[in-house]
Asker: 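Sharing a structure here in structure tokens format.
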2 protein chains.
Amino acid sequence: MAQKRASPKRERILDVAEELFALHGFDGVTIRQIAAGAEVDVALASYHFGKKLELFQAVFERRAMLLNNSRRDALHACQKEAGKKGPTVEQIIESFLRPLELAQETGDAGWRHYLALVAYVNNSPYWGPRMMSSAFDPLVGEYIEALRKALPKARDESLYWCYHNLSGALTLTLAQTGRIDRLSGGKCLSSDFQAAYDHMIPFVAAGFREVCNTP
Amino acid sequence: MAQKRASPKRERILDVAEELFALHGFDGVTIRQIAAGAEVDVALASYHFGKKLELFQAVFERRAMLLNNSRRDALHACQKEAGKKGPTVEQIIESFLRPLELAQETGDAGWRHYLALVAYVNNSPYWGPRMMSSAFDPLVGEYIEALRKALPKARDESLYWCYHNLSGALTLTLAQTGRIDRLSGGKCLSSDFQAAYDHMIPFVAAGFREVCNTP
DNA sequence: TTGAAAATTCAACAGATGTTGAATACTCTT
DNA sequence: AAGAGTATTCAACATCTGTTGAATTTTCAA
């Protein structure tokens, strides 16, 4: 049943589920924990979303399109600005990463939780193939085409493996495990997405150039 | 109770648990599923390992020391060979990644499952801080010191963020989600660790140089 | 205000879950 | 072969799980 009236408890269920699924995964969270966190009866989750799996998908899809639109706008903007010769590798990667940071700047903790959930899904051999490709692959294809244009000598395999490295570095960042905090003795913070991207962009761009410019 | 006699069923429990935990995570696997997979009674897991959490830890620790030793040998070997000036960034990263590949060459599927489990743990905001640092951080510290010596101009933050990028790219590789297979239309295979490292080593080395040579 | 539709709660189910204590089978030393 | 120690199974528990149908409350247009 589609919602007909504003139902704040419905949103609270999504918010709490988002946070808990990101932290413990699909099987590590019970409907009762979500209901308790949202201060809501257990049955309400089923009423609004049906099965547990459908709630999980609803959480995943709620912000997926917003994120895709934000990224697509950033990519097209830098393509328009670069003109006929096309954007540089740095500009393309920047347009891939910075939208994630803007989402954080709103101060909304929900986006932080959501990105950790995407990291969980993307890194999972079970959920990854089931949920990532339909939601994100089309836009990723656009990015890879843009990168191919910026790196004309690149072989296909090199391009995909390089994107894989970018995706991995990004995924571990979004997961916010706090491991770098301890490893660096507090010099680096998992919560500091801006610092992460400031270092990731030149790192990844240099990697692409090294691997994709030398056939 | 420590095992006093050779008990093949005990090993089978560890093998099956390794595979299932890697695929579905700690909460996504039941003791009964593990017992069924190992063709063993449910109670046997408790008899050998105690609580479910202790079984999980036993699986995680079984190969941790073997992996650490293999990596430490590789690092020390390339340090010895390089002499006083120390190994290059490529050599250090090679000694970090190639042992993972050798573990696969034995043909033992167990190592493949184990590495996917490490990826799951490392990417988890819940398990990462609890299990990774005690098992792997000491050796990671050695690697970072070696990298610092090879990149004398590097600031601490740069060094840690670059290692974070390396760790992320590696983690997604170990997870073997098969996403790159679909994305590349079969040109790249998640199961091909050698191809992954062949591209990852120059990619990451170039990234380190770019970020850590320009203060 | 009334009444219907939507939102929410209540109560309960059937099945699955981790764990345990007692019972049985196995293995090896003497 | 006897027997002690180990490995394994059997049977059962209390608790928790997702889900559902009925009852109740809230919302809002007429």
Side-chain angles (χ1 to χ4, degrees), chain A residues 1-62 117 120-121 124 126-127 130-131, chain B residues 1-62 117 120-121 124 126-127 130-131:
Chain A
M1 307 298 156
Q3 50 182 335
K4 300 281 176 77
R5 287 206 285 272
S7 44
K9 299 198 176 185
R10 194 190 122 105
E11 291 302 308
R12 260 158 48 201
I13 290 174
L14 285 171
D15 291 340
V16 174
E18 187 171 57
E19 178 169 6
L20 293 181
F21 281 142
L23 186 55
H24 294 107
F26 178 77
D27 301 288
V29 180
T30 73
I31 306 270
R32 283 174 166 82
Q33 288 176 305
I34 296 170
E39 293 176 306
V40 148
D41 187 83
V42 206
L44 196 57
S46 297
Y47 169 73
H48 279 301
F49 303 99
K51 312 283 184 195
K52 184 185 181 184
L53 176 59
E54 298 174 293
L55 168 59
F56 187 68
Q57 290 168 327
V59 171
F60 188 77
E61 286 160 14
R62 177 167 61 150
L117 178 67
Y120 160 74
V121 169
S124 159
Y126 182 80
W127 295 108
R130 274 161 233 269
M131 306 192 66
Chain B
M1 306 297 159
Q3 48 182 336
K4 300 283 176 77
R5 284 207 287 272
S7 43
K9 300 198 176 184
R10 195 191 121 105
E11 292 301 309
R12 261 159 46 203
I13 291 173
L14 285 172
D15 291 340
V16 174
E18 188 171 56
E19 178 168 6
L20 293 180
F21 281 142
L23 187 55
H24 293 106
F26 178 78
D27 301 288
V29 179
T30 73
I31 306 272
R32 282 174 167 82
Q33 286 174 306
I34 296 170
E39 294 176 304
V40 147
D41 187 82
V42 208
L44 197 57
S46 298
Y47 169 74
H48 278 302
F49 303 100
K51 312 283 183 195
K52 183 185 181 185
L53 175 59
E54 297 174 295
L55 168 60
F56 188 68
Q57 291 168 329
V59 171
F60 188 77
E61 286 161 14
R62 178 167 60 150
L117 179 66
Y120 160 74
V121 170
S124 159
Y126 182 81
W127 295 108
R130 275 161 233 270
M131 305 191 66

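Here is how names work: the chains are called A, B, and so on, in the same order as the sequence lines, proteins then strands, and each is numbered from 1. Because only heavy atoms are used, hydrogens play no part in the values below, and waters and symmetry mates are left out as well, while side chains stay in. Since this is a predicted model, take the numbers as computed values, not measurements.
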Asker: Is there side-chain contact between A/Y120 and A/L23, with heavy atoms separated by less than 4.5 Å?
Answerer: no

Asker: Calculate the interatomic distance between B/R10 atom CZ and D/dA7 atom C1'; express it in whole Å.
Answerer: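 It is 12 Å, rounded to the nearest whole Å.
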
Asker: Are any of B/H48's side-chain N or O atoms less than 4.0 Å away from OP1 or OP2 of D/dT6?
Answerer: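 Checking B/H48 against D/dT6: no side-chain N or O falls below 4.0 Å of OP1 or OP2.
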
Asker: According to a strict under-4.0 Å criterion, is A/K51 in side-chain N/O contact with OP1 or OP2 of D/dT20?
Answerer: yes

Asker: If you check the B/A43 side chain, which of D/dT17, C/dT19, C/dG21 turns out closest?
Answerer: C/dG21

Asker: Got a second to check how far B/H24's NE2 is from B/T30's OG1, nearest 0.5 Å?
Answerer: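 The NE2 atom of B/H24 sits 11.0 Å away from the OG1 atom of B/T30.
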
Asker: Rounded to whole Å, please give me the gap between NZ in A/K52 and P in D/dT19.
Answerer: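 So the two atoms are 8 Å apart, to the nearest Å.
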
Asker: Are any of A/K9's side-chain N or O atoms less than 4.0 Å away from OP1 or OP2 of D/dT26?
Answerer: no

Asker: Rounded to the Å, how far apart are A/I31 CD1 and C/dA12 P?
Answerer: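 About 21 Å, once rounded to whole Å.
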
Asker: Below 4.0 angstrom, which residues in residues 33-41 of chain A have at least one non-hydrogen atom near DNA chain C?
Answerer: A/V40, A/D41

Asker: Can you measure B/R32 atom CZ to D/dA11 atom P for me and round it to whole angstrom units?
Answerer: 14 Å

Asker: Nearest-Å distance, CD1 (A/I13) to C1' (C/dA7)?
Answerer: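 That distance rounds to 11 Å.
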
Asker: Rounded to the nearest 0.5 Å, what's the gap from CG on A/L20 to CD1 on A/I31? Could you check?
Answerer: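 The distance works out to 11.0 Å.
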
Asker: Any donor and acceptor pair, going by atom type alone, linking the side chain of A/K52 with main-chain N or O of A/F26 inside 3.5 Å?
Answerer: yes

Asker: With a cut-off of less than 4.0 Å, is there a side-chain N or O of B/Y47 near OP1 or OP2 of D/dA7?
Answerer: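 B/Y47 to D/dA7 OP1/OP2: side-chain N or O found under 4.0 Å.
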
Asker: Say whether, by atom type as modelled, one donor and one acceptor occur between the side chain of A/S7 and the main chain of A/K9 under 3.5 angstrom.
Answerer: no

Asker: Report which part of the nucleic acid B/S46 touches: base, sugar-phosphate, or nothing (heavy-atom distance under 4.0 Å, all strands).
Answerer: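 Base, at least one base heavy atom under 4.0 Å.
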
Asker: Let me check something: any side-chain donor-acceptor pairs from residues 54-62 of chain A under 3.5 Å, sequence neighbours excluded? List them with distances.
Answerer:
unit_1 : atom_1 : unit_2 : atom_2 : d
A/E54  : OE1    : A/K51  : N      : 2.8
A/R62  : NH1    : A/E11  : OE1    : 3.3
A/R62  : NH1    : A/D15  : OD1    : 3.1
A/R62  : NH2    : A/D15  : OD1    : 3.0
A/R62  : NH2    : A/E18  : OE1    : 3.2

Asker: Rounded to the nearest Å, what distance is computed from the CD atom of residue A/E54 to the C1' atom of nucleotide D/dT20?
Answerer: 14 Å

Asker: Over all strands shown, is A/T30 touching base, sugar-phosphate only, or nothing at heavy-atom distances under 4.0 angstrom?
Answerer: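 Sugar-phosphate, no base atom in range.
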
Asker: Roughly how many Å is it from CZ in A/F56 to C1' in D/dT19, rounded to a whole number?
Answerer: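 Distance check: A/F56 CZ to D/dT19 C1' gives 19 Å.
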
Asker: Sequence neighbours left out, what passes side-chain hydrogen bond (donor to acceptor under 3.5 Å, both in side chains) with A/R130? Give chain and number order.
Answerer: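 Once residues adjacent in sequence are excluded, A/R130 has no partner under the side-chain hydrogen bond (donor to acceptor under 3.5 Å, both in side chains) criterion.
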
Asker: Between A/L44 (CG) and D/dT26 (C1'), how many Å, whole number?
Answerer: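 About 13 Å, once rounded to whole Å.
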
